[in-house]
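Right, one structure below, let's go through it.
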4 protein chains.
Amino acid sequence: MDKRERIIQAAIDVFSDKGIEKATISEIVKKAGIAQGTFYLYFNSKLAVMPDIAELMVRKILEGLTSEVKDGPIDQQIGDIIHVIFKITNEYKVLTKLIYTGLTQTQYVGSWEEIYAPLYNWVENLLQRGKEAQAINSDVNTKFTAKIIIGSVESVAEQVYLYDHLDEDSIIRYKNELHKFVANAIGAYR
Amino acid sequence: MDKRERIIQAAIDVFSDKGIEKATISEIVKKAGIAQGTFYLYFNSKLAVMPDIAELMVRKILEGLTSEVKDGPIDQQIGDIIHVIFKITNEYKVLTKLIYTGLTQTQYVGSWEEIYAPLYNWVENLLQRGKEAQAINSDVNTKFTAKIIIGSVESVAEQVYLYDHLDEDSIIRYKNELHKFVANAIGAYR
Amino acid sequence: MDKRERIIQAAIDVFSDKGIEKATISEIVKKAGIAQGTFYLYFNSKLAVMPDIAELMVRKILEGLTSEVKDGPIDQQIGDIIHVIFKITNEYKVLTKLIYTGLTQTQYVGSWEEIYAPLYNWVENLLQRGKEAQAINSDVNTKFTAKIIIGSVESVAEQVYLYDHLDEDSIIRYKNELHKFVANAIGAYR
Amino acid sequence: MDKRERIIQAAIDVFSDKGIEKATISEIVKKAGIAQGTFYLYFNSKLAVMPDIAELMVRKILEGLTSEVKDGPIDQQIGDIIHVIFKITNEYKVLTKLIYTGLTQTQYVGSWEEIYAPLYNWVENLLQRGKEAQAINSDVNTKFTAKIIIGSVESVAEQVYLYDHLDEDSIIRYKNELHKFVANAIGAYR
DNA sequence: AATGAATGAGGTTTCATTCAT
DNA sequence: CATGAATGAAACCTCATTCAT
């Protein structure tokens with residue numbers, strides 16, 4: 001693995017473990033197995049790694065969506081989307097949250113839209129096709145709704161895994177309720 | 001105003017301005033007009049102020065909900081809720097986001113549920129009454145749905161104000177779409 | 001117990017526990033159950049308590065000597081002296097050492113001679129009587145030898161209790177060797 | 001001279017001058033001519049330098065013993081030992097005392113035995129040879145007695161130089177008395 | 001005589017950043 | 001490109017000391 005990649009991976013580990021505040025470049029380089037000075041050949045600060053981390057996360061989610069959201073009724077596809085986002089959130093725990101904040105705290109806020117665009121687009125396309133197939137309400141604004149859905153699902157996933165620490169059973173019931181909520185919201189049940 | 005209160009206010013200012021990372025105790029005490037050592041009589045670290053800030057935010061939102069969500073059809077009440085949360089989010093900008101992260105990064109994660117409980121309860125009660133009046137779907141789990149709604153609305157508000165920096169007109173259209181989304185989700189339109 | 005006495009006792013506890021370096025007035029007053037400011041009505045600094053502590057220690061040793069060193073052959077009296085000093089050293093552990101250092105580090109070094117004088121005198125008198133009774137070498141300088149004996153015994157006691165942490169059995173053998181050493185040194189066996 | 005060595009030398013100076021209590025890392029680094037942060041690359045606290053200082057002291061004493069204690073009657077060798085320890089104690093004044101205390105006050109107490117071992121061994125060997133040559137009492141426990149002798153001599157040296165501040169003439173008489181004391185103690189005069 | 005909240009000087013400690021190798 | 005010892009600015013944090021009550 002090349003140096004840059006190793007830095008990003010190490011940064012993910014350290015940020016997840018210590019949070020942005022307590023994470024130090026010293027620890028990142030130690031974990032990456034490179035010299036202190038080498039870090040600066042690739043990044044200017046620990047927060048400068050964030051966009052790369054965000055990109056990696058979005059890529060993971062997209063890969064998940066592409067592979068796990070099957071063709072079929074949109075109702076079922078929503079279930080798949082929820083499942084994927086929950087899985088990734090659980091896997092990377094606090095990281096999802098940190099990315100938001102990490103980007104916010106820097107000059108990289110602007111990158112946000114850019115980085116998440118593919119994800120929003122993917123869901124928007126799915127809604128668009130659903131709309132054309134008259135599988136959801138005709139008055140749904142696909143652009144806005146894509147973001148609302150992703151925001152809702154991520155928000156609940158964070159609740160469930162980061163704050164409430166629910167047991168597996170409760171999580172399933174939560175996901176079902178959320179599924180019903182979103183499906184109704186876009187009229188996927190008619 | 002007593003010392004503790006002044007620290008909290010100063011911390012809000014500094015966190016909002018600099019973010020958690022760059023905020024320093026030195027600056028907080030300067031803004032609060034107290035001595036360096038005095039800070040430590042009340043808090044152990046800058047992050048230890050977070051639970052108090054969160055509590056203040058929740059109190060603000062609750063006050064907003066109590067005063068601005070009128071009696072009337074539940075559909076309209078949802079509009080009011082969205083309006084209140086958007087207003088507070090805009091007012092405190094990054095702070096909402098920082099609280100999440102600030103609590104996550106510390107030993108105070110546990111406080112989260114406790115602090116937000118009143119807010120969740122308030123919405124849950126509203127849903128409960130709507131259910132009893134058969135104004136919303138009978139199969140709605142009020143506890144889960146309360147959290148889903150608050151999460152969704154906050155998530156969209158943050159999108160709108162923190163990342164997308166939308167113009168006023170787009171925000172209104174976004175709010176309308178969100179309103180429709182939530183109302184449909186719980187079956188408030190039948 | 002009056003305030004002054006309580007401060008001295010608390011200081012003994014804290015110094016024993018934390019050492020001079022880490023001991024703080026804050027902790028002493030907490031242990032003494034008095035207010036922060038009250039300390040200064042009795043002492044100017046934590047080290048200013050040292051002479052009082054030293055006096056208390058010397059008093060303890062003197063009481064021990066007076067009560068436990070019986071009339072009889074000087075050889076046996078030496079054994080008693082060793083026993084008393086070992087007992088007190090064990091009881092107050094590091095404190096003996098700290099007193100030396102505590103006094104050294106301050107303006108109170110001068111007090112040292114004054115405070116220890118009674119102890120030296122007591123042993124000197126014992127040697128003097130031994131000399132007159134021709135129970136020890138006639139060329140012993142009682143003044144110097146008194147100090148040498150006390151120094152040796154304290155030194156060994158500290159070795160045994162503070163550094164080597166010997167078991168009870170080894171300590172007894174050590175004491176016996178020391179006893180023989182001192183008795184021979186002053187010619188108490190002829 | 002390498003950084004570590006410079007820190008140790010500077011620490012010796014500052015400790016000797018100010019005592020443990022008043023010595024600061026800031027002053028040590030200033031005297032060593034290095035940056036504040038550099039200190040922490042080698043030691044964690046000012047007391048962490050103590051074991052190194054102790055080692056240096058022991059080395060000095062050993063060098064003194066090796067070079068100044070001549071072959072010859074054991075009686076005379078004892079005189080040499082006393083002379084060396086007095087000289088070093090005078091040269092380093094308070095430092096000898098501080099080492100004891102410095103080590104006591106920290107996690108490094110354990111190091112004590114280890115550091116002093118060579119010194120004890122050296123004297124023990126000398127006694128052993130004296131015993132084999134029947135120059136001293138046959139019932140002397142060389143291990144214990146080595147420690148007793150070193151302890152006694154150091155104790156008296158500290159008395160003389162640190163507390164009593166005796167004049168040169170009195171010191172010579174004190175040394176003579178001590179010499180006689182130790183020689184008699186082990187039966188070196190027969 | 002006693003209190004204890006508040007102070008702020010002055011220490012400690014960290015860690016991003018540099019630069020000679 | 002890569003290194004990592006050294007730096008020192010800038011934060012942290014403690015705690016003796018004060019003083020109004």
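Hydrogens, waters and symmetry mates are skipped; everything else that's a heavy atom, side chains included, is used. Chain letters run A, B, ... following the sequence lines, proteins first, then strands; residues in each count from 1. Keep in mind that what you see is a predicted model, and the values were worked out from it rather than measured.
The aromatic rings of D:Tyr116 and D:Trp112 lie parallel to each other, with less than 30° between the two planes, well short of the 60° mark.
The distance between atom CZ of A:Arg4 and atom P of F:dA2, rounded to the nearest whole Å, is 12 Å. For A:Glu21 and E:dT14, the CD to C1' distance is 12 Å, given to the nearest whole Å. Distance CD1 (A:Ile25) to P (F:dT3): 15 Å, rounded to an integer number of Å. The NZ atom of D:Lys18 sits 9 Å away from the P atom of E:dG11 (whole-angstrom rounding). Between the CG atom of C:Leu47 and the C1' atom of F:dA16 there is a distance of 12 Å, rounded to whole Å. For the pair D:Ile28 CD1 and F:dG8 P, the computed distance is 18 Å after rounding to whole Å. Atom NZ of D:Lys30 is separated from atom C1' of F:dG8 by 15 Å (rounded to the nearest Å). Atom CG of A:Asn44 is separated from atom C1' of E:dT18 by 14 Å (rounded to the nearest Å).
Within 4.0 Å (heavy atoms only), B:Tyr42 reaches sugar-phosphate atoms of the nucleic acid but no base atom. Contacts of A:Thr38 with the nucleic acid, taken as non-hydrogen atoms under 4.0 Å apart, include base atoms. Using a 4.0 Å heavy-atom criterion, one finds that A:Asp2 contacts no nucleic acid atom at all.
Between B:Tyr40 and D:Leu41, the residue whose closest nucleotide on DNA chain F is further toward the 5' end is D:Leu41. Sequence order on DNA chain E of the closest nucleotides to D:Glu27 and C:Ile34 puts C:Ile34 first from the 5' end. Checking D:Ala23 against B:Gly33, the closest nucleotide of DNA chain E that is more toward the 5' end is the one next to B:Gly33. Nearest-nucleotide positions on DNA chain F place D:Gly37 closer to the 5' end than the other of D:Gly37 and C:Gly37.
The side chain of C:Ala35 lies closest to E:dT3, out of F:dT7, F:dC12, E:dT3. Among F:dG4, F:dA16, F:dC13, the nucleotide with an atom closest to any side-chain atom of B:Gln36 is F:dC13.
Residue-environment remark: CG (A:Asp2) exceeds the threshold of 12 foreign heavy atoms within 6.0 Å. Other residues, nucleotides and ligands contribute at most 12 non-hydrogen atoms within 6.0 Å of the CD atom of B:Glu114. A 6.0 Å sphere centred on NZ of D:Lys60 holds no more than 12 heavy atoms belonging to other residues, nucleotides or ligands.
Here the rule is side-chain contact (heavy atoms from CB on, under 4.5 Å) with B:Ile53, and of B:Ile12, B:Leu98, B:Ile115, B:Leu103 only B:Ile12 fits it.
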Open item on the list: For a salt bridge (charged side-chain N to carboxylate O under 4.0 Å, His left out) check, start with the C-alpha distance between D:Glu21 and C:Lys46, then their side-chain angles and the critical distance, and finish with the verdict.
Closed with: CA-CA 11 Å; D:Glu21 179 73 9; C:Lys46 67 182 179 189; 3.0 Å; yes
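The phosphate of E:dA1 (OP1 or OP2) has no side-chain N or O of C:Lys3 nearer than 4.0 angstrom. A sub-4.0 Å separation between OP1 or OP2 of E:dT14 and a side-chain N or O of A:Ser26 is absent.
Taking a pair to require two hydrogen-bonding distances under 3.5 Å in either a Watson-Crick or a G-U wobble arrangement, E:dT7 pairs with F:dA16. If you check E:dT21 for Watson-Crick or wobble pairing at under 3.5 angstrom, you find it paired to F:dA2.
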